[in-house]
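Report on the structure given below.
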Amino acid sequence: MSDLVQLSKDNDIAIITINNPPVNALSPGVPEGISEAIEQINQDAGVKAAVLIGGGKTFVAGADIKEFGKMTSGKTERGTSAFLPLLVRIEDCSRPVVMAIHGTAFGGGLELAMAGHYRVASPDAQVGQPEVKLGIIPGAAGTQRLPRLAGVAKALEMCVDGNPVKAKDALALGIVDRLIEGDLLKGALAFAREVAGKPAPKTRERKEKLGTPAENAALFAAARENAKKKQRGMIAPQAAIDAVEAATKMSFEDGSQEEQKLFVKCLFSDQSKAMIHVFFGEREVAKVPDVPKETPLIPVKSAAVVGAGTMGGGIAMVFANAGIPVLLKEADQAALDRGLATIQKNYANSVKRGRFTQQFMDERLKLIKPTLSYDDFANADMVIEAVFEGMALKKEVFGELDRVCKPGAILASNTSTLNIDEIASATKRPQAVIGTHFFSPANVMRLLEIVRGKASSKEVIATCMALSKKLGKVGVLVGNCRGFVGNRMFGPYRREAQFLVEEGSTVEAVDGALYNYGMAMGPMATGDLAGLDVGWRIRKEYRHLEKPGVRQPLAEDKLCEMGRYGQKTSAGWYKYDAERKAIVDPEVTALVRKWAAEAGIPQRQISEQEIVDRCIYILVNEGAKILEEGFALRAVDIDIIYLTGYGFPNYRGGPMWYADTMGLKKVYERICEFQKQHGELWEPAPLLKKLAEQGKTFAEFDKEKGA
Ligand code: 3HC
Ligand code: NAI
């Protein structure tokens, strides 16, 4: 038998144990091992029932995702279709098979569990069909067995949203038959003894929860409509709905074949390749080549935040939500009261929307301790500074922190534009200083850019990377350049968007094109949301660095001069009604035409394709420069930054992956065309040119770098 699966016995009960760390994925060898074990059980007259359990921290977390890449690139012919007959063999086993679930039974793991005759679970276990998050659908009859166990509505929800269900709910839904407190194996063996010798139910033969055509028609129509809105542009959710529908209209065998066809179609799509890239990318970014896994971590049991404004308040919530007590310091009582009121309002809104319970809110609020002095800072393991953006003030604050904080405390700045090394120079311990660049709203956005200063110690870096996961964030380590990675790329992106409007397109056409591409919001609407005055102030400060003769966008500065700062003034690129709904403003269109005429910018018709190419390829070009200059560790880091912080669509894998998908030669040639038309702002990144000439991809560049 395969090393990955063991068969043992507890008197008359057989025990099949899967041992394929870290998550017991169904890698080659596991299905074969289970199959052999079932064969032996069938032939062993001394066995009355069987328990299948996962060794280590979990049941089976699904198919081995690494195998999918091999399948689509033709490196292996092995598909998931081999699972289907295995699962039928388990269901046809002559003795009852009890699946004992702890940790997660996800994807192929839940499909395996559903092929057992019974399922028992630890109370903290979770089950789910998360395939849609990888751009695929269940591929081993999950869409066929789940509605038979949990009903059509719940199966649809689980397969379409991909979110897990806790053991207690799984019990109520009929996915699990019993919860086992304490020792799972012991409980599962006792359960197996109870059911031994009795007729064992086969999930695939059950029909009682499959609903009537009339009920189902309404469910499927609503699911399709909902998925179209909530999972805009994605093919897998619609395919998952088709597959569950097949369960209600076809035999189990035909439904499984239908599911298989849809699964293969999704698996071979660009969307699934992109989303699998994202799955591994989110884990890859946690790895920093020169900061080994064994680097000692600084325990962060208490934190402090300086500044209770937009960011500071959100950051305090992030720590409180993770159960870490946090001091919140302001300059004066009025500002502190304002900051706390906003935090309370944000929590109350979440309670109203059902995201948190009142109890959760009360507990979190207790963890946030307002203060006007640095007195208690001596106990804090980590401080995050989020005061106004200005070097003099930041240095003053860091000087104070150096004075009051204990040795070993991490001193972090949330600055979005300032030089971390200069901030660190205000202290006698630059090794303790680092950038933690949260994104607004800090309690919602998943991205955390961790900015490495030249002196930041490995312990401080490793702690911030590990902490980001605890805080529910995706931490990405970036270098200390202007705008770091995300905003350095976002500047040119928004600049091109404005150029396009100034050249004859419209605000709504530019936003519409990028929204249709899949961005959560168009660039003009994003500007209005963040506040146009923020960029305006920064541009004014850095105007002396602009190269004379190089074209600069003009309309946004003029809008700011008119007091149109965006949503906060109810007018920016759009007008806003009382509900903050954006309304196209003909005045802006007319003004931009006038300003363009005054500046002598020729007007022309601009296609949706050009809008997308100009805005996305400028991201790629800047990303390639960042990569070559070493401010991002890998191309995939840039992708993850854009996916988690800038509303880039997951199913396109991030800007660098998207460029790989289009082909770097094609991207490079298009950039050269833009350079001819628009000049030096489109100078191709040398790395992009080199990879295009070599016929390589950014992903290959990452691999060669040892990522
Ligand atoms: N295949 C291959 N590798 C996997 C994997 C899988 N299904 N699930 C996790 N891993 C790897 C991760 O890449 C990571 O590797 P690394 O240490 O080298 O970076 C390691 O296992 C540990 O994973 P996490 O860091 O994510 O560990 P956590 O403890 O935080 O989370 C988990 C564990 C909840 C199981 C999470 O890993 C997860 O959600 N995994 C994916 C589950 C999934 O999507 N399953 C469906 C797969 S598709 C399928 O089953 C198709 C079927 O219908 C035929
Ligand atoms: P804000 O203006 O909303 O809040 C700043 C707060 O700091 C004010 O409440 C002010 O009273 C307080 N403050 C000033 N001096 C202080 C002192 N000595 N001690 C205690 N509190 C003091 O500013 P915002 O937007 O929260 O920005 C804070 C930092 O975060 C800036 O560095 C900014 O660049 C950065 N940032 C902002 C983002 C945003 O979208 N607003 C996004 C990411 C980073």
Side-chain angles (χ1 to χ4, degrees), residues 20-27 57-68 79-84 87 103-112 126 128-143 159 162 164 259-260 263 267 272 275-276 279-287 293 305-315 328-332 334-336 338-339 342 371-374 384-390 393-394 396-397 400 413-418 423 435-442 445 447 449 469 484 486-487 529-531 534 538 645:
N20 183 24
V23 296
N24 289 328
L26 296 166
S27 316
K57 64 172 189 174
T58 185
F59 189 73
V60 172
D64 186 337
I65 303 169
K66 286 190 203 89
E67 292 294 306
F68 292 148
T80 57
S81 54
F83 294 157
L84 285 171
L87 300 187
T104 49
F106 281 177
L110 178 55
E111 291 171 308
L112 172 67
Q126 296 190 67
Q129 298 284 177
E131 287 87 345
V132 72
K133 296 184 179 177
L134 300 169
I136 54 175
I137 66 165
T143 59
C159 294
E259 177 200 80
Q260 200 51 214
F263 170 81
L267 182 65
S272 149
M275 292 172 84
I276 289 172
F279 175 84
F280 287 116
E282 281 197 6
R283 285 149 184 84
E284 193 65 33
V285 296
K287 296 166 192 160
K293 254 201 335 233
V305 174
V306 190
T310 311
M311 295 308 290
I315 296 168
L328 183 58
K329 184 200 173 287
E330 253 299 343
D332 58 55
L336 193 55
R338 261 198 317 274
T342 307
T371 178
L372 290 174
S373 86
Y374 285 111
I384 298 100
E385 164 280 309
V387 300
F388 301 129
E389 188 79 336
L393 177 62
K394 302 269 182 197
E396 189 189 310
V397 171
E400 275 302 298
S413 172
N414 189 52
T415 179
S416 42
T417 56
L418 300 173
I423 294 176
T436 48
H437 185 209
F438 287 83
F439 285 69
S440 182
M445 298 300 288
L447 176 61
E449 274 187 334
K469 192 167 177 185
F484 311 128
N487 284 348
L529 178 69
V534 179
I538 297 171

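Both counts, for ligands and for their atoms, begin at 1 and track the order of listing.
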If we ignore hydrogens and angles and just use 3.5 Å, is the side chain of [X] paired with the main-chain N or O of [Y] as donor and acceptor?
X: K394; Y: V387; value: yes
X: E449; Y: G486; value: yes
X: N414; Y: E385; value: no

If you measure from [atom] to every heavy atom of [options], which option wins on shortest distance?
atom: atom 40 (O) of ligand 2; options: G312, S440, G645, G390; value: S440
atom: atom 43 (C) of ligand 1; options: C159, G128, S27, A61; value: A61
atom: atom 8 (C) of ligand 2; options: M311, E330, K329, M445; value: E330
atom: atom 13 (O) of ligand 1; options: R283, E131, K293, K66; value: R283

Heavy-atom side-chain proximity of [X] to [Y] below 4.5 angstrom:
X: P138; Y: C159; result: yes
X: S440; Y: T310; result: yes
X: Y374; Y: V306; result: yes
X: T371; Y: L328; result: no
X: H437; Y: N487; result: yes
X: F280; Y: K66; result: yes

### Query
Looking only at N/O atoms, are L393 and ligand 2 under 3.5 Å apart anywhere?
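There is no such contact.
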
### Query
Does the N or O separation between S416 and ligand 2 drop below 3.5 Å for any pair?
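Yes; at least one N/O pair falls below 3.5 Å.
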
### Query
Has ligand 1 got any nitrogen or oxygen that is less than 3.5 angstrom from a nitrogen or oxygen of I65?
yes

### Message
Would A63 count as a polar contact of ligand 1, with the cut-off being nitrogen or oxygen pairs under 3.5 Å?
### Response
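N/O-N/O distance below 3.5 Å exists for this pair.
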
Side chain, backbone, both or neither: which part of [X] has a heavy atom under 4.0 Å from ligand 2?
X: V534; result: neither
X: R338; result: neither
X: H437; result: side chain
X: F439; result: neither

### Task
Taking atom 23 (O) of ligand 2 as the reference point, report whether a protein heavy atom occurs under 4.0 Å from it.
no

Pick one of side chain, backbone, both or neither for how [X] approaches ligand 1, counting any non-hydrogen atom pair under 4.0 Å.
X: K469; answer: side chain
X: F68; answer: side chain
X: E284; answer: neither

For [atom], what is the closest protein heavy atom, and at what distance to 0.1 Å?
atom: atom 35 (C) of ligand 2; result: N414 O, 3.3 Å
atom: atom 2 (O) of ligand 2; result: F388 CE2, 3.2 Å
atom: atom 16 (C) of ligand 2; result: V387 CG1, 3.5 Å

### Task
Rounded to the nearest 0.5 Å, what's the gap from CD1 on I137 to CG on L267? Could you check?
10.5 Å

### Message
The test is side-chain contact (heavy atoms from CB on, under 4.5 Å); show your working for L110 and Q129 and say whether it passes.
### Response
CA-CA 7 Å; L110 178 55; Q129 298 284 177; 3.6 Å; yes

